[in-house]
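Note that these values count all heavy atoms, side chains included, but never hydrogens, waters or copies made by symmetry. Within every chain, numbering begins at 1; the chains are lettered A, B, ... in the order of the sequence lines, protein sequences first and strands thereafter.
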There are 2 protein chains.
Amino acid sequence: MVSNRKCITRLSRYKNALKRLKALGFIKVFSDNLSDAAGVTPSQVRKDFSLFGITGNKRGGYKVDELIEQIQVILGKNEIQRVILVGAGRIGAALLRYKGFEEGGIRIVSAFDIDPAKYLANDAVPIRPLEEMTQFVRDEKIRVGIITVPDSAAQRIAEIMAAAGIKGILNFAPIQLRGTDEVVINNINLESELENLIYFVNAHSKANSAKCD
Amino acid sequence: MVSNRKCITRLSRYKNALKRLKALGFIKVFSDNLSDAAGVTPSQVRKDFSLFGITGNKRGGYKVDELIEQIQVILGKNEIQRVILVGAGRIGAALLRYKGFEEGGIRIVSAFDIDPAKYLANDAVPIRPLEEMTQFVRDEKIRVGIITVPDSAAQRIAEIMAAAGIKGILNFAPIQLRGTDEVVINNINLESELENLIYFVNAHSKANSAKCD
DNA sequence: ATATTTTTGTGAATAATATGACAATATAAC
DNA sequence: GTTATATTGTCATATTATTCACAAAAATAT
């Protein structure tokens, strides 16, 4: 098992880049085509592949179809991944209807909320009472959950999820949830991503105005 | 200028953690309180602060208010940051109404789309024709933009943004956009984040079932 | 068939990042 | 006022990630 997060992220990127290359008619690729399409170095591509035991042919490169297939198996995309979502607010609702997931073999099978006004039993993705989550997760053997609740509730939801048997959480609440041996947590903080960007934009403009002195 | 992305991200986290600690009544903190709240090591906190020239008092720690203030200045939060958004689809629309940004001093001042059906001139955040973007960015001196269009359009939008004078882009399209010397790009790929999680969940369950053999 | 070229796969070298250790020093105790 | 203690700030060390470099192998050319 490769336990380097960045490396898995790159694998996703390679997969996406490969799909684009395939659409352009590529039958095989070399590490430098792919690195170019994915925005990394060729040796990075080969090193990553080496870590996952993906091999190509010397002087022949990699066959696009086989490569996509191999990466998809590693990423668990050979079967549809069913996930749940808790918190049907703005962001949650948008994710429920986001088409990209289904295309990528990820299906949000149910959402949950504490607010009865949000319940929608018969929607494409039903929104159910939070109390039903634990049972649902157990019955349906769900292992991945998305948290899109306010920060004050996030920790509690994460604990309920963990207790129900969820093993991976994608957290959009602006609080850093910590993973355990049992549960992997991936935090996405939208404000923080923008802050990051703003810092570099400001730093850049300061550096440039300094140059002008 | 600190050019380490991760380090800036941690700074955001420290800021958020500090606000929570402040709400709990903390007047001063030590590097270990803060590291605990932010989920890092104490030496990491001190090292980061040292990079940004943030100092505390030996044996006295850091004053919470001063620390929040100093971090906010570094992150450019002493003034409201105005950003635009292109692509008023599901995700775009959710971000337009996301309250967290305004609370954090980030304001989406206008959205743009190619689809006339989406235009909303008089909404809290107006949605305007894409053709008006360049002029708007120039007039309003906008420097940060969010891309929430389909992947096929993302590259083109990024180029228009860059030409208009945008210096930082937060990209949600599932294609890796590459930054330049002029423009910093931050890519968020939601599917990829879930794939990442799924990989670790699967790897973990395999490791556990292997243990049982 | 043999030589030439191209591209992989990987071990070694380098670079980036995080941790540990501890001297310096401010606060508190006496 | 002196001593003891806790905590910072930073340098040295360890860890992790990336790039380089090149031998081995496959495809093509001669």
K.L.:
Would you grab the first and last nucleotide of DNA chain C (5' to 3') that comes under 4.0 Å of any non-hydrogen atom in chain A?
P.N.:
C/dT5 to C/dA12
K.L.:
Closer than 4.0 Å, any side-chain N/O of A/Gln44 to the OP1 or OP2 of D/dT19?
P.N.:
yes
K.L.:
To the nearest 0.5 Å, how far apart are CZ in A/Arg143 and CD1 in B/Ile198?
P.N.:
9.5 Å
K.L.:
Report which part of the nucleic acid A/Asn4 touches: base, sugar-phosphate, or nothing (heavy-atom distance under 4.0 Å, all strands).
P.N.:
sugar-phosphate
K.L.:
For B/Gln155 and B/Glu159, what are the C-alpha separation, side-chain angles and deciding distance, and is it a side chain to side chain donor-acceptor pair (under 3.5 Å)?
P.N.:
CA-CA 6 Å; B/Gln155 184 67 50; B/Glu159 282 159 16; 3.2 Å; yes
K.L.:
Just verifying a value: how many Å separate A/Ile146 CD1 and A/Phe101 CZ, rounded to the nearest 0.5 Å?
P.N.:
5.0 Å
K.L.:
Measure the spacing between CD of A/Gln70 and CZ of A/Phe49 and express it to the nearest 0.5 Å.
P.N.:
8.5 Å
K.L.:
Can you tell whether the side chains of A/Glu103 and A/Lys19 come within less than 4.0 Å, N to carboxylate O?
P.N.:
no
K.L.:
May I ask you to verify if any side-chain N or O of B/Ser31 is less than 4.0 angstrom from the OP1 or OP2 atom of D/dT7?
P.N.:
no
K.L.:
Knowing that exactly one of B/Lys77, B/Gln72, B/Gln81 qualifies, which makes a side chain to side chain donor-acceptor pair (under 3.5 Å) with A/Glu195?
P.N.:
B/Lys77
K.L.:
Check each residue of residues 19-30 of chain A for a non-hydrogen atom within less than 4.0 Å of any atom in DNA chain C, then write out the ones that pass by number, or none.
P.N.:
A/Phe30
K.L.:
Hey, is CG on B/Leu51 packed in by over 12 heavy atoms from elsewhere, all under 6.0 Å?
P.N.:
yes
K.L.:
Under 4.0 angstrom, heavy atoms only, what part of the nucleic acid is A/Arg10 near: base, sugar-phosphate, or nothing?
P.N.:
sugar-phosphate
K.L.:
Taking only side-chain nitrogens and oxygens of A/Ser43, does any of them come within less than 4.0 Å of OP1 or OP2 of D/dC20?
P.N.:
no
K.L.:
Looking only at atom types and distance, does a side-chain atom of B/Asn187 sit under 3.5 Å from a main-chain N or O of B/Leu177, one as donor and one as acceptor?
P.N.:
yes
K.L.:
Of the listed nucleotides (D/dA12, D/dT18, D/dA21), which one gets closest to any side-chain atom of A/Arg46?
P.N.:
D/dA21
K.L.:
Could you list by number each residue of residues 55-63 of chain B showing a heavy-atom separation from DNA chain D of less than 4.0 Å, or answer none if no residue does?
P.N.:
B/Thr55, B/Gly56, B/Asn57, B/Lys58, B/Arg59, B/Gly61, B/Tyr62
K.L.:
Which is true for A/Lys47 with a 4.0 Å heavy-atom rule: it touches a base, it touches only sugar-phosphate, or it touches nothing?
P.N.:
base
